[in-house]
Amino acid sequence: MDDFLDELYPEITLETEDIVMTISLKKDYSQTKDVNVRKKEFIKDLNDFIKEFEETSESLEFMRYFDD
């Protein structure tokens, strides 16, 4: 079953000094033929995702992890 999900939702892991984030892509970007346009579309979607997460109660709860 995991193999099926891997094929259904390709993943990418992004890592900086401070964050490791694994993203599963549900959107099919293959319809956009130009790789540079596809990349811009992905980055826009990623930014939209971050903005949406920022507005959720889960983002605040997540940051409360660091409370004493």
Side-chain angles (χ1 to χ4, degrees):
M1 182 74 171
D2 287 338
D3 291 340
F4 174 75
L5 291 178
D6 288 344
E7 289 180 23
L8 185 61
Y9 298 127
E11 291 185 347
I12 183 170
T13 299
L14 307 174
E15 183 172 349
T16 66
E17 186 176 309
D18 300 321
I19 296 173
V20 175
M21 180 184 305
T22 301
I23 300 170
S24 297
L25 300 176
K26 292 170 50 176
K27 182 176 180 178
D28 180 3
Y29 290 91
S30 68
Q31 300 302 312
T32 305
K33 298 302 179 193
D34 184 307
V35 70
N36 292 310
V37 173
R38 190 180 318 136
K39 179 181 170 185
K40 286 180 183 180
E41 186 177 347
F42 170 69
I43 298 300
K44 180 195 171 300
D45 291 344
L46 187 57
N47 282 317
D48 290 346
F49 174 82
I50 291 168
K51 288 176 188 174
E52 186 176 323
F53 176 69
E54 181 181 26
E55 296 174 4
T56 67
S57 60
E58 288 88 350
S59 65
L60 184 58
E61 291 171 22
F62 188 66
M63 288 295 99
R64 285 191 174 128
Y65 169 84
F66 298 101
D67 290 351
D68 291 327

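Leu60 and Phe66 are assigned to two separate hydrophobic clusters, defined by single-linkage of ILVMFWY side chains at heavy-atom distances under 4.5 Å. One hydrophobic cluster, built from ILVMFWY side chains closer than 4.5 Å, cannot hold both Ile19 and Phe53; they sit in different ones. Linking ILVMFWY residues whenever their side-chain heavy atoms come closer than 4.5 Å, directly or via other members, places Ile43 and Met21 in the same cluster. Connection of Val20 to Leu25 is not established within any shared hydrophobic cluster, with ILVMFWY side chains joined at heavy-atom distances below 4.5 Å, either directly or through further cluster members.
The number of heavy-atom neighbours closer than 6.0 Å to CD of Glu58, taken from other residues, nucleotides and ligands shown, is above 12. The 12-atom threshold is not exceeded at NZ of Lys44, counting heavy atoms of other residues, nucleotides or ligands nearer than 6.0 Å. Annotation: Tyr29, atom OH; neighbour count of heavy atoms from other residues, nucleotides and ligands within 6.0 Å is above 12.
Between Glu52 and Thr56, the shortest heavy-atom distance links the atoms O-CG2, 3.2 Å. Taking all atoms of both residues into account, the shortest heavy-atom contact from Tyr9 to Ser24 is CB-CB, 4.1 Å.
Looking at heavy atoms from C-beta onward, Ile23 lies out of side-chain contact with Phe49 at the 4.5 angstrom threshold.
Under the side-chain hydrogen bond (donor to acceptor under 3.5 Å, both in side chains) criterion, Thr22 pairs with Thr13, sequence neighbours left out. Taking the side-chain hydrogen bond (donor to acceptor under 3.5 Å, both in side chains) definition, one finds that Asn47 meets it with nothing, sequence neighbours left out.
For the pair Arg38 (side chain) and Ser30 (backbone), a donor-acceptor distance under 3.5 Å is absent.
For the atom pair CD of Glu41 and CG of Asn36, the computed distance is 12.5 Å after rounding to the nearest 0.5 Å. To the nearest 0.5 Å, atom OG1 of residue Thr32 and atom CZ of residue Phe42 are 13.0 Å apart.
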